[in-house]
**Student:** 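Can you read through this structure? Questions will come right after.
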Protein chains: 2
Amino acid sequence: MSDPKIKNMEEFATASGFSRPTVSKYFNDPNSVRKSTRERIEAALEQFDYRPNIYAMNQNRRQTKNIGVVVANLADPFFAEIARNIERLIVEAGFRPILVSSYGSPEQEADALDGLRSIKPAGVLIAPLGRSSDRDAMRAFCDDVPSVFFDNEIENAGEAFVGLNNHQSIGMIVDYLCRSGEAPIFFEMKLPPNPNAFKRRKAYISSMERLGHEPRLVQIDGDGWDFEEIGFRGATEMLTGRPLPSDTVLCSNDRLAIGFLSAAYEQGIRVGIGPDCTLRVAGHDDHPFSRFTCPKLTTVAQDYRSIAEKSVRTLLEVIDSDRRAETRESTLFDGKLVMRCSA
Amino acid sequence: MSDPKIKNMEEFATASGFSRPTVSKYFNDPNSVRKSTRERIEAALEQFDYRPNIYAMNQNRRQTKNIGVVVANLADPFFAEIARNIERLIVEAGFRPILVSSYGSPEQEADALDGLRSIKPAGVLIAPLGRSSDRDAMRAFCDDVPSVFFDNEIENAGEAFVGLNNHQSIGMIVDYLCRSGEAPIFFEMKLPPNPNAFKRRKAYISSMERLGHEPRLVQIDGDGWDFEEIGFRGATEMLTGRPLPSDTVLCSNDRLAIGFLSAAYEQGIRVGIGPDCTLRVAGHDDHPFSRFTCPKLTTVAQDYRSIAEKSVRTLLEVIDSDRRAETRESTLFDGKLVMRCSA
DNA sequence: TTCATTTTTTTACATGCGTAAAATTATTTG
DNA sequence: CAAATAATTTTACGCATGTAAAAAAATGAA
């Protein structure tokens with residue numbers, strides 16, 4: 001392949017025997033030209049290896065084919081996993097994903113949005129930090145570019161929100177724990193960085209009340225996103241202190257649970273549902289590592305795929321229709337109970 | 001701020017009272033204009049919120065300010081962590097990082113390079129998949145754009161390689177294990193996707209021989225990047241089979257060790273250095289989760305920061321000097337022993 | 001074959017910037 | 001203050017594409 005070197009679309013058009021506008025049309029949508037034309041262009045493409053200059057394209061198009069994806073923390077495999085799904089769907093739809101991570105920092109989140117702005121994306125998918133996010137900056141951004149939020153919501157921002165039905169999922173696991181043993185206490189951070197945690201707290205309380213049990217919150221100190229470390233420290237403190245009001249612990253998320261289990265192990269406390277176990281621990285999210293904890297963690301699985309699909313589909317609809325949504329749509333997926341051996 | 005709306009550099013130049021070329025010069029390098037000019041432009045910048053069109057800039061510059069970062073698998077927190085460091089350094093150097101992940105698939109790795117090509121990056125940092133990488137495609141890519149490899153090497157590709165000194169690190173932990181107990185057997189995949197694994201195998205063998213012990217490899221089946229799962233299955237099989245030739249196991253990496261520990265726990269085998277323990281397990285990499293395994297994992301820490309810094313610095317030097325390296329430089333950092341309680 | 005329809009070509013202009021050379025103006029130095 | 005130097009402006013062109021309108025050509029149906 002590649003006889004002479006092709007510099008631009010003009011030369012490629014000449015080489016392939018068509019005019020530049022026709023070739024341009026082909027690149028914007030191969031189906032917009034006659035089949036015979038398409039085939040001849042594609043044959044030429046094999047021969048001459050030319051690709052349109054992406055900068056010139058993006059400069060002149062009304063819309064770029066870029067879709068920004070900003071996640072709260074790529075170092076958390078949960079986000080990496082959902083980002084992977086989202087990226088795949090974006091590529092399949094013929095767009096180009098631009099993945100950026102806030103790495104837990106509000107400043108970096110703001111910088112990420114700022115950086116995306118200059119790229120003029122057709123749309124953006126955002127998993128915001130939550131409590132520490134700059135909400136005003138975020139809303140201002142969403143006014144300018146179509147945005148769909150996932151995992152975490154920012155009130156009055158974006159075209160839509162796609163997330164987990166915490167009420168259902170927490171209700172489900174509280175139900176399970178109550179009918180299979182003692183009613184759980186709720187292990188969480190006093191001041192969680194993540195709004196989901198607040199929803200889960202509320203869901204826990206209402207579920208317990210619904211079942212006629214008294215809710216008991218264990219709220220541990222800690223700041224930031226090092227949930228395992230925070231959970232470890234909180235659990236160590238809790239487990240060496242006075243006796244627990246219940247032998248069952250529901251953690252606000254799997255990462256706290258991972259820290260909790262590590263602490264319990266270190267304290268020599270046997271966790272699980274076996275006869276020799278003195279504590280049951282459950283988590284939430286079905287974190288990629290939760291199947292390798294000791295013992296394996298009973299948890300609630302978020303439906304990564306569905307959340308990714310719905311988010312991307314919703315954004316693409318907004319982009320295609322070329323008009324902003326007048327009402328903010330909110331889609332919540334149910335969690336699925338994943339029973340392993342920790343509870 | 002922002003009185004009228006500024007569309008382009010022409011309008012902004014007029015608004016700020018300079019000519020467009022002067023303003024253009026400022027944006028390319030603020031220090032290339034007189035201080036008073038710089039200050040007036042910056043004042044205007046506050047007032048009018050304008051930012052240059054990144055596509056027009058990149059189209060006309062000799063070089064873009066983009067630096068591609070392609071990692072083997074973002075879903076592995078090790079890569080996420082090193083990517084975070086690299087991204088930060090790139091931003092600090094005034095470039096824009098473009099992060100893409102192969103997610104363990106050679107096709108996606110090739111696609112990633114292809115996608116980066118169209119972005120005309122000033123340079124690229126690559127942590128290749130290794131064994132399954134398309135070496136020819138990779139070398140062809142490196143001919144076109146300055147590339148530095150990290151974590152994994154591809155022979156005869158790229159300007160430089162920055163990684164870990166497996167010989168030193170494995171030697172160190174073998175030394176430690178031998179002097180504190182029985183000589184370790186080596187737990188690894190039969191056909192690892194990652195070339196580092198081969199180096200570690202060799203390093204293990206030579207270290208054992210140096211210390212007068214017979215090397216013993218336990219090579220488990222499995223394909224792909226689900227190391228925890230592969231380690232879990234391999235360990236389960238191994239631990240339920242005939243008695244082990246040693247009570248000490250060195251895993252080729254932490255993710256295998258995480259699976260191993262999970263399996264040992266399930267088998268009721270107590271791992272650690274305590275008196276009631278029957279097995280010692282060590283890993284390698286100081287994976288973010290290795291401090292929360294049960295028991296906490298003794299391992300070798302890779303120096304994320306140094307690897308990231310050296311990689312970025314090397315690439316920037318190539319970019320700045322505007323000439324390709326004639327010799328391929330290879331930098332290996334020593335690992336550090338992280339003693340926890342698993343061995 | 002003829003006519004209506006679709007596709008392609010031609011022509012022309014727009015986009016938002018980089019950059020080079022020459023002319024001008026401002027600043028610094030002696 | 002004049003000369004030397006540095007910064008800025010003017011002018012002009014280039015980059016690689018999108019896009020719109022009118023003209024021409026190809027295609028398909030009767």
Side-chain angles (χ1 to χ4, degrees), chain A residues 4-45 48-66 94-96 117-120 122 322, chain B residues 4-45 48-66 94 96 117-122 322:
Chain A
K5 275 171 195 168
I6 302 278
K7 284 182 179 175
N8 52 32
M9 200 179 276
E10 189 72 57
E11 287 187 20
F12 177 73
T14 308
S16 60
F18 292 95
S19 70
R20 191 176 64 73
T22 303
V23 173
S24 170
K25 229 181 152 201
Y26 165 84
F27 280 113
N28 283 311
D29 177 11
N31 290 314
S32 66
V33 300
R34 204 181 353 232
K35 193 178 146 207
S36 62
T37 312
R38 181 166 60 249
E39 281 163 356
R40 280 174 57 200
I41 290 179
E42 273 155 6
L45 224 38
F48 292 111
D49 108 282
Y50 152 79
R51 58 184 68 190
N53 181 310
I54 202 169
Y55 296 114
M57 288 176 72
N58 282 332
Q59 180 182 358
N60 295 306
R61 271 216 246 277
R62 316 182 196 291
Q63 275 210 343
T64 68
K65 283 286 190 180
N66 297 327
F95 287 77
R96 172 191 280 267
R117 225 198 201 102
S118 67
I119 257 179
K120 302 186 191 301
D322 206 22
Chain B
K5 275 171 193 169
I6 302 278
K7 282 183 180 178
N8 52 31
M9 199 179 276
E10 190 71 59
E11 288 187 20
F12 176 73
T14 308
S16 61
F18 293 95
S19 72
R20 190 175 67 72
T22 302
V23 173
S24 169
K25 229 181 153 202
Y26 166 83
F27 280 113
N28 283 312
D29 178 10
N31 290 314
S32 67
V33 300
R34 210 190 335 246
K35 195 178 146 207
S36 60
T37 312
R38 183 166 59 248
E39 281 163 356
R40 281 175 55 201
I41 289 180
E42 272 156 7
L45 225 37
F48 292 111
D49 109 284
Y50 153 80
R51 59 184 66 192
N53 181 309
I54 202 170
Y55 296 113
M57 288 176 73
N58 282 333
Q59 182 183 358
N60 296 306
R61 277 219 182 97
R62 314 181 196 291
Q63 274 211 343
T64 67
K65 283 285 189 180
N66 298 327
R96 171 190 281 268
R117 227 199 198 100
S118 67
I119 257 179
K120 303 185 191 301
D322 206 22

**Student:** Whole-Å distance between D:dG18 P and A:Lys120 NZ?
**Tutor:**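 That distance rounds to 17 Å.
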**Student:** Mind checking A:Tyr50 for me? I need base, sugar-phosphate or nothing, with any heavy atom below 4.0 Å counting as a touch.
**Tutor:**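 Since only primed, P, OP1 and OP2 atoms lie under 4.0 Å of A:Tyr50, the category is sugar-phosphate.
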**Student:** Atom CG of B:Asp29 to atom P of D:dA7: distance rounded to whole Å?
**Tutor:**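 Atom-to-atom, B:Asp29 to D:dA7, this comes out as 12 Å.
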**Student:** Looking at A:Ser24, does any N or O in its side chain come under 4.0 Å of the phosphate oxygens OP1/OP2 on D:dT17?
**Tutor:**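 Result: no.
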**Student:** Using a 4.0 Å heavy-atom cut-off, does B:Arg62 contact any base of the nucleic acid, only the sugar-phosphate backbone, or nothing at all?
**Tutor:**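 Here B:Arg62 touches the backbone only, sparing every base.
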**Student:** Just compare C:dG16, C:dT10, D:dT17 and give me whichever is closest to any side-chain atom of A:Met57.
**Tutor:**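 Nearest to the side chain of A:Met57 among the choices is D:dT17.
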**Student:** Output the rounded distance in Å from CD1 (B:Ile6) to C1' (C:dC17).
**Tutor:**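 After rounding, the reported distance stands at 16 Å.
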**Student:** Which of the following nucleotides, C:dC17, D:dT17, D:dC15, is nearest to the side chain of B:Ala56?
**Tutor:**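 Comparing C:dC17, D:dT17, D:dC15 against the side chain of B:Ala56, the answer is C:dC17.
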**Student:** Give me the ring orientation class for A:Phe12 and A:Tyr50: parallel if the planes are under 30° apart, tilted from 30 to 60°, perpendicular past 60°.
**Tutor:**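 Plane angle under 30°, so parallel.
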**Student:** Within a strict 4.5 Å, meaning less than it, do heavy atoms of the A:Arg40 and A:Ser16 side chains meet?
**Tutor:**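 No; the side chains remain at least 4.5 Å from each other.
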**Student:** Taking the side chain as every heavy atom from C-beta outward, state whether B:Asn66 and B:Asn58 have any pair of such atoms under 4.5 Å apart.
**Tutor:**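 Sidechains of B:Asn58 and B:Asn66: in contact.
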**Student:** Between B:Ser19 and A:Asn60, just flag the one whose closest nucleotide in DNA chain D comes earlier from the 5' side.
**Tutor:**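 Comparing both residues, the 5'-ward one is B:Ser19.
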**Student:** Whole-Å distance between D:dT17 C1' and A:Phe12 CZ?
**Tutor:**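 It is 15 Å, rounded to the nearest whole Å.
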**Student:** Counting distance alone, no hydrogens or angles: does the base of C:dG16 have a donor or acceptor under 3.5 Å from a partner atom on the side chain of B:Arg20?
**Tutor:**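 Result: no qualifying N/O pair found.
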**Student:** Need to verify one output field. Residue with the more 5' nearest nucleotide on DNA chain D, B:Gln59 or B:Gly17?
**Tutor:**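 With B:Gln59 and B:Gly17 compared, the 5'-side residue is B:Gly17.
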**Student:** With a non-hydrogen cut-off below 4.0 angstrom, is B:Pro52 in contact with a base, only sugar-phosphate, or nothing?
**Tutor:**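 Sugar-phosphate, no base atom in range.
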**Student:** Among D:dG18, D:dT11, C:dT8, which is the nearest nucleotide to the side chain of B:Pro21?
**Tutor:**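 Taking heavy atoms from C-beta onward, the closest nucleotide is D:dT11.
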**Student:** Atom NZ of B:Lys35 to atom P of D:dA6: distance rounded to whole Å?
**Tutor:**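 The answer, rounded to whole Å, is 19 Å.
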**Student:** Could you tell me how far apart B:Phe27 (CZ) and C:dG16 (C1') are, to the nearest whole angstrom?
**Tutor:**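 To the nearest whole Å, that distance equals 13 Å.
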**Student:** Measuring only between side-chain heavy atoms, which start at C-beta, is A:Arg96 closer than 4.5 Å to B:Ile119?
**Tutor:**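 Yes, close enough: below the 4.5 Å cut-off.
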**Student:** Identify whether any heavy atom of A:Phe18 sits under 4.0 Å from a base atom; if not, whether one sits that close to sugar-phosphate; answer base, sugar-phosphate or nothing.
**Tutor:**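 Here A:Phe18 touches the backbone only, sparing every base.
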**Student:** Backbone N or O of B:Lys120 within a donor-acceptor pair of the B:Thr64 side chain at under 3.5 Å?
**Tutor:**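 A pair under 3.5 Å: yes.
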**Student:** Give every donor-acceptor pair under 3.5 Å between a side-chain atom in residues 20-30 of chain B and any protein atom, sequence neighbours left out.
**Tutor:**
| residue | atom | partner | partner atom | Å |
| --- | --- | --- | --- | --- |
| B:Thr22 | OG1 | B:Ser19 | OG | 3.1 |
| B:Tyr26 | OH | B:Glu42 | OE2 | 2.8 |
| B:Asn28 | OD1 | B:Arg61 | NE | 3.0 |
| B:Asn28 | OD1 | B:Arg61 | NH2 | 2.7 |
| B:Asn28 | ND2 | B:Ser24 | O | 3.2 |
| B:Asp29 | OD1 | B:Asn31 | N | 3.1 |

**Student:** Please report the distance, rounded to the nearest Å, between NZ in A:Lys7 and P in D:dT17.
**Tutor:**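 In whole Å, D:dT17 P lies 13 Å from A:Lys7 NZ.
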**Student:** May I have the distance from A:Ile54 (atom CD1) to D:dG18 (atom P), rounded to whole angstrom?
**Tutor:**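 It is 11 Å, rounded to the nearest whole Å.
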**Student:** Given the structure, check if the side chain of A:Asn28 and the base of D:dG18 hold any donor-acceptor pair shorter than 3.5 Å.
**Tutor:**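 Result: no qualifying N/O pair found.
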**Student:** From the set D:dG18, C:dG16, D:dA12, return the single nucleotide nearest to any side-chain atom of A:Arg61.
**Tutor:**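 Per side-chain heavy atoms of A:Arg61, the pick is D:dG18.
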